[in-house]
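Below is one structure, written out as structure tokens, with a few remarks after it.
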Amino acid sequence: MKKYILDVQLPNINKRLSYYIKSERDIESGSLVDVPVSEKSYLGIVESSKEFIGQENLSELKFVNSIYEKKFFNDDLYKLYKFICEYYFVTPSSALKLFPSFNMKLLSKNKVKISKKGQEVLECSLLFSDNLKDLLEQLNRREYDLSYIKSKYKDTFRYALSERLVDMVSETNIRNDKANLDLYKKADEIEKYENLSILNDEQDRAFKYFKGYLNRNSELSLVGTTGSGKTEVYLKLIVEVLKKGKNAMLLLPEITLATHFVDMLEKRFPNLVYVWHSQLGKSERNKLLNIITNLTEKIFIGPRSLIFLPINDIGIIIVDEEQSENYKQDDFIRYDARILARERARYNNCPVLYVSATPSVDLGKRILDGEVFSYYLSKRFGEFSLPKINIVKRNNFYGSFSEEFINSLKEVKEKKEQAIIFVPRRGFYPFVSCADCGELVKCKNCDVPMCVHVIKGKRVYVCHHCGYKFTTDPVCKKCSGLNFKQYGAGSQKITEELKNIFPDANVERIDSDSVNTYSKLKAVLKDILDGKIDFLVGTQIITKGLNFPKINFVGIPFLEPLTSIPDFRSFEKLYQLLVQVTGRAGRYSMGGKVVIQASEDQVPIIRKYTTISYWDFLLEELELRKDMFCPPFSYEVMFRWNGKLTEVKDEAKKFREILKEVYVLFENRDIKVTAPKFCPILRLHGNYRMYSLIRFKDKDVRKDFLEILLKRYSPKNKKIFIVDVDPLYYF
DNA sequence: AGCACGCCGACT
DNA sequence: GTCGGCGTGCTC
């Protein structure tokens, strides 16, 4: 046996630690190992190893506890981890935290048994404490669980271990777990799923087109009108992948909303579907993690974090609803699962398939550039036409319903169909201002207006950012006035109004206030499916994936003023929203109908966006972005400081000086810099905020630039500074 | 990165 | 006299 020294990266220590291991062969980088740190043991990753020759200094390093099989953290995950470090400029330790593998406990039972030395010591009755004697005598009878021995003997056990009086035994026993026996299915059984979906000609052509790409790495995209049956096409592709003995990964933006989709899949593919979501308990998670490493020919479904699971033999990665912003994580590490999916597909030499009715402009450009191979479904499945869209002009943004709107709802009620009413904001009144001077009531911690909610029949002022609440009317900060005017409408108010107008209708609301638990959501979704709900009011949450047969009407009482978010993606978001929301209507029958109420200045753009094709929209949007040097024509990085005013200002100033220095090194490299300035929302959670945005023509230049910049600039207090590569939110 | 240790200011 | 702030230093 040779001895090796391993450099190990742990998810909780920002420094590599070295350990010894005895092994016949060299240890590969990327191996998952269990190592001791202080008195505990942690999982880490081997970054490098070298053979140790000589005997000196042995006592300085500890030994690796155990080395995991490759499947628990395969090479593709190691590459993904390296990619995240480089692309997002984060420390190795924080990047590792993204991977559930490091929170995994092997389901094997760790046992303790007495060693030869221990037996000898016991037989000879050498001097030892009573505790130690008890321990050794107990273990001399049989093995015991590590956890039991640890809790009973603590320090004595540690001493016994260090003196090698006891040995640890571990056995991985997952394959024999009775509950998991049925998880191993033969590939030939899968063929019976092949003909479960009946595709129309167009879908079949799409399927055949993509089938040709299954054996290699490629970026694919399935674009199609809402209700064109994109799901059926990719399900059939999944079956193809399973037939090859490989796994399929399916990413969804919101797994909790997709319960009935998941139920459908489970019914259709019994024993083949595995769902990963944040609601899973610790032990369930752990069990799943242990099991999935052994599986092939399975379908794994989950939100963006699915991309980090130790799934082996991946044959396809599908990103459904590609346009969704949910794929970008907006705290901790600001990764984009769409980018990571692309990377992971490359490491697995398999395709990644983006699916959307309205692909992000970024993807759209790459389709036009020929980087992504796309197939377009133009017809609605079952020949149902797209809903008829009616735009009703109104003189203000908010308020209630036009005759048209109410009549449509009446019709829905009479026909015993269902309606969705989309409201952009939650709460009762989004704004309250002083009746005398007009000053908005704002949160004391944040630079945003307080909204009025009704909680248990009582009026409550709530801040949507920090959650700060108060119940009594405030005093105007500007003029000390006591009279307030509330205006606008949120989902709660719209719900109440509808209940008043339609006393015998069942009006239900879905937003983060009314539905805050998984079980509640499930109950509401079931009620919709069972036809118990007539009108469903909801915020953004209802725009994706709610496909219910009886929904034939979608109403939008008002849309927010277009100018409220000064952001180059506003048009993209509006377009996607309109297509997604209106697409909920009439998916399974004729005569779908949509009524959108809008202010006069909104009408032209809404009219345009509800009639224009995705491709025409894309071309127009690309033109605008090109002129403005916006993504996808540039690559962005944003820096933001969050903290006390003086601290933030000082740091931003320091940054500015360093930025200038680095910029000089990169002259004439197509870089556009926005020097640090205050954010449009000056304060959040009691912290002042500043930002700086840099745009690069070239992705590699961005990388080089950042490398130098971040080497020279590091804030005193790391907590106040964030780097956001490819930001989606700028406020 | 987290956690422990340690050295100084505002409280019973 | 104590609680608690966050500066420094360590983990193989």
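Quick note on labels: first sequence line is chain A, next is B, and so on, each numbered from 1. Only heavy atoms go into these numbers, but all of them, side chains included; no hydrogens, no water, no symmetry mates.
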Requested in this report: Determine, for A/Lys3 against A/Glu51, whether the closest basic-nitrogen to carboxylate-oxygen distance falls under 4.0 angstrom.
Outcome: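 No salt bridge links A/Lys3 with A/Glu51.
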Classify the nucleic acid contact of [X] as base, sugar-phosphate or nothing, counting any heavy atom under 4.0 Å across all strands shown.
X	answer
A/Pro36	sugar-phosphate
A/Ser18	base
A/Lys97	sugar-phosphate

Would you confirm whether the ring centroid of [Y] sits within less than 6.0 angstrom of the ring centroid of [X]?
X	Y	result
A/Tyr468	A/Phe470	yes
A/Phe102	A/Phe73	yes
A/Phe52	A/Tyr20	yes
A/Phe655	A/Phe639	yes

Distances under 3.5 Å between protein N/O atoms and the N/O atoms of nucleotides 3-10 of chain B, please, pair by pair.
none

**Report entry** Test item: side-chain donor near acceptor, A/Asn312 and A/Asn74, under 3.5 Å
**Finding:**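 The criterion, which ignores hydrogens and geometry beyond distance, is satisfied for A/Asn74 and A/Asn312.
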Report task. Could you list where the contact with chain A starts and ends along DNA chain C, reading 5' to 3', using a 4.0 Å heavy-atom cut-off? Result -> C/dT11 to C/dC12
Query raised in the report: Is the side chain of A/Gln9 donor-acceptor paired with the backbone N or O of A/Gly44 at a distance under 3.5 Å, no angle test?
Result: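 Not at all, since once roles are kept as given, no pair shorter than 3.5 Å links the two residues.
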Query raised in the report: With sequence neighbours left out, which residue pairs that include part of residues 672-704 of chain A fulfil the ring-ring contact (aromatic ring centres under 6.0 Å, His included) condition?
Result: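 Matches after skipping sequence neighbours: A/Phe696-A/Phe705.
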